[in-house]
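Residue numbers run from 1 in the order of the sequence given. Both counts, for ligands and for their atoms, begin at 1 and track the order of listing. Worth knowing before you read on, the calculation uses all heavy atoms, side chains too, and leaves out hydrogens, waters and symmetry mates.
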Amino acid sequence: MPSSEELHKRRTAAVARGVGSVVTSYVDHAGGGTLTDVDGREWIDFASGIAVTSVGNAAPRVVEAVQRQVERFTHTCFMVTPYESYVAVCETLNGLTPGTFDKRSALFNSGAEAVENAVKVARHATGRPAVVVFDHAYHGRTNLTMALTAKNMPYKHRFGPFAPEIYRVPMSYPYRDGGLTGGQAATHALEQIDKQVGADNVAAVLIEPIQGEGGFVVPAEGFLPALADWTRQAGAVFIADEIQTGFCRTGTWFACQPEAVVPDLVTTAKGIAGGLPLAAVTGRAELMDAVHVGGLGGTYGGNPIACAAAMATIDTMRELDLCAAARHIESVMLPRLHALAERDPRIGDVRGRGAMLAIETAAADPTLAGAVSRACHSAGLLTLTCGTYGNVLRFLPPLVIDDATLTRGLDILDEAFTTI
Ligand code: PMP
């Protein structure tokens with residue numbers, strides 16, 4: 001087998017430079033909590049392929065479901081000849097997402113595609129143009145979702161012009177907004193919408209209940225419910241982008257649930273199918289069904305292999321109670337991260353929920369987070385950074401990681417902060 005070094009040479013000559021990678025080690029195989037590269041080196045996985053492999057990599061039930069489906073048929077296109085697993089995934093999502101009202105779902109390939117379609121549905125159903133998004137938001141890299149995403153570099157730089165009728169308002173960011181309460185932060189955001197957009201023009205308010213790429217920002221309590229209430233009164237659609245937070249990641253099926261926020265539409269992807277590409281929009285039947293027949297779709301959306309993987313993934317989550325597993329990971333990791341912060345004044349904030357946890361450095365620049373992350377990589381721990389200032393170390397272990405592996409990972413992180 002070629003070494004990572006050899007593969008990297010080939011990659012540099014063949015793969016477009018714009019597609020980056022966090023490390024230059026090439027994967028050979030991966031399991032629940034570790035990855036092994038082609039050079040035979042084992043990595044502890046605190047990334048889960050960016051919050052995807054919550055049930056583990058190559059999870060047994062997912063592998064079996066995929067194998068069975070590949071043998072039956074790989075693709076027919078649901079828009080041509082439909083099949084049961086697409087319907088089963090939609091039924092399951094309608095039952096799992098918050099809200100007891102009648103729901104419908106539609107399936108897509110990527111998170112960005114789900115967000116685009118949620119906006120299409122909201123605009124179509126309301127007949128209004130404006131979409132409200134938040135500082136630090138991340139919703140994808142397609143043209144519409146670049147416009148919805150806040151950060152210029154690397155996501156938007158020189159890729160414009162962007163789609164119109166997107167309005168950005170302040171996010172509740174307790175560490176950096178002077179400690180506003182959720183209610184106060186919501187008042188700021190809502191005043192801006194009222195004055196600059198006008199409630200009657202708003203099709204949708206789109207928000208990540210805990211921001212992902214923007215820095216694992218957990219809004220102050222009360223922020224999300226206040227936004228959801230305002231949106232309902234304005235006759236607009238409240239869309240929760242649960243693409244990174246969904247499917248047990250934060251200790252509940254969805255991150256809206258602890259504050260009993262019930263979105264009109266929910267976008268999901270990532271953790272939904274154990275690593276197979278699948279995404280969905282789920283929500284109120286009257287909104288979803290407002291769209292004319294043929295208005296939503298795509299060649300691969302709800303591919304049968306991805307749907308089989310999703311059913312096996314959700315079964316695994318239920319069977320192993322991965323929401324409880326995420327809460328257990330929090331109970332192991334958070335005390336360690338807090339202890340680290342007490343010892344090291346360069347750490348400004350420790351936050352997150354379940355198995356979506358982060359350290360933000362006090363300095364709003366990427367130097368320390370980058371150096372610590374590289375030190376972790378050298379010691380065999382796969383970590384990611386995020387945040388508008390690139391100064392957030394984020395931790396997304398697979399929910400099936402065992403305590404011993406988790407603790408080894410935390411030891412490496414500890415050591416990295418000591419040596420840098
Ligand atoms: N929304 C959120 C909250 C995300 O975290 C992401 C991916 N990081 C996306 C949308 C886009 O998903 P995808 O990369 O599958 O298009």
Side-chain angles (χ1 to χ4, degrees), residues 18-22 47-54 97 106-120 122 131-151 154-156 159 163 166 168 171 173 204-219 224 238-250 253-256 261 263 265-282 298 300-303 306 309-310 313 352-358 384-388 390 392 394-396:
V19 184
S21 294
V22 173
S48 296
I50 320 186
V52 171
T53 51
S54 298
T97 48
L107 304 183
F108 305 97
N109 304 294
S110 67
E113 216 188 329
V115 173
E116 292 241 358
N117 279 281
V119 171
K120 279 166 66 172
V131 179
V132 175
V133 289
F134 292 81
D135 284 337
H136 315 288
Y138 183 89
H139 298 292
R141 296 170 179 266
T142 56
N143 187 265
L144 175 61
T145 58
M146 271 194 292
L148 299 168
T149 290
K151 192 174 174 176
Y155 309 124
K156 301 168 74 164
F159 295 142
I166 313 287
R168 192 169 307 285
M171 174 70 181
Y173 192 158
V205 173
L206 166 64
I207 189 162
E208 300 153 86
I210 297 176
Q211 289 184 325
E213 307 307 309
F216 282 25
V217 179
V218 186
L224 295 172
F238 188 74
I239 308 173
D241 181 346
E242 293 256 15
I243 286 166
Q244 191 152 164
T245 48
F247 294 99
C248 305
R249 174 55 57 185
T250 63
W253 280 96
F254 297 97
C256 275
V261 170
L265 300 178
V266 180
T267 56
T268 52
K270 290 193 185 279
I272 191 175
L276 276 284
L278 187 72
V281 182
T282 301
Y300 290 116
N303 167 273
T313 297
R353 201 187 292 155
M356 183 171 180
L357 301 173
L384 303 173
T385 57
C386 65
T388 295
V392 179
R394 58 168 154 172
F395 311 113
L396 291 161

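Interface atoms of ligand 1 facing Ala112, defined by a heavy-atom separation under 4.0 Å, are 11 (C), 12 (O), 13 (P), 16 (O). Every atom of ligand 1 is numbered from 1 in the order shown, and the set under 4.0 Å from a heavy atom of Ser110 is 15 (O), 16 (O). For ligand 1 and Gln244, the ligand atoms under 4.0 Å from any heavy atom of the residue are 5 (O), 8 (N). Near Glu208, meaning under 4.0 Å from any of its heavy atoms, are these atoms of ligand 1: 3 (C).
Looking from atom 8 (N) of ligand 1 to the surrounding protein, the closest heavy atom is Lys270 NZ, 3.1 Å. At the shortest separation from atom 15 (O) of ligand 1 among protein heavy atoms lies Gly111 N, 2.8 Å. Nearest to atom 1 (N) of ligand 1 among the protein's heavy atoms is Asp241 OD2, 2.7 Å.
In terms of heavy-atom proximity, Ala137 sits nearest to Leu148 at CB-O, 4.0 Å. Closest approach of Pro219 to Leu224, counting heavy atoms only: CG-CG, 4.1 Å. The heavy-atom pair separating Lys270 from Ile243 by the smallest distance is CB-O, 3.2 Å.
Between Glu113 and ligand 1, a contact under 3.5 Å exists for no N or O pair. In terms of polar-atom proximity, Glu213 is counted as a contact of ligand 1, with an N or O under 3.5 Å from an N or O of the ligand.
For atom 13 (P) of ligand 1, the nearest protein heavy atom lies closer than 4.0 Å.
For Arg141, no heavy-atom contact with ligand 1 is shorter than 4.0 Å. The residue Ala269 has no part lying near ligand 1, judged by heavy-atom distances below 4.0 Å.
With rounding to the nearest 0.5 Å, the separation of CG in Leu265 from CZ in Phe238 is 11.0 Å.
Under the side-chain contact (heavy atoms from CB on, under 4.5 Å) rule, Val133 has a single partner from His139, Met171, Glu208, which is His139.
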Inset, instruction - Run the numbers on Phe254 and Phe247 for ring pair (Phe, Tyr, Trp, His ring centres under 6.0 Å), then give the verdict. - result: CA-CA 6 Å; Phe254 297 97; Phe247 294 99; 5.4 Å; yes

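With respect to Glu213 and Arg394, a salt bridge is recorded, a charged nitrogen being found less than 4.0 Å from a carboxylate O.
Between Arg249 and Gln244 there is no side-chain heavy-atom pair separated by less than 4.5 Å.
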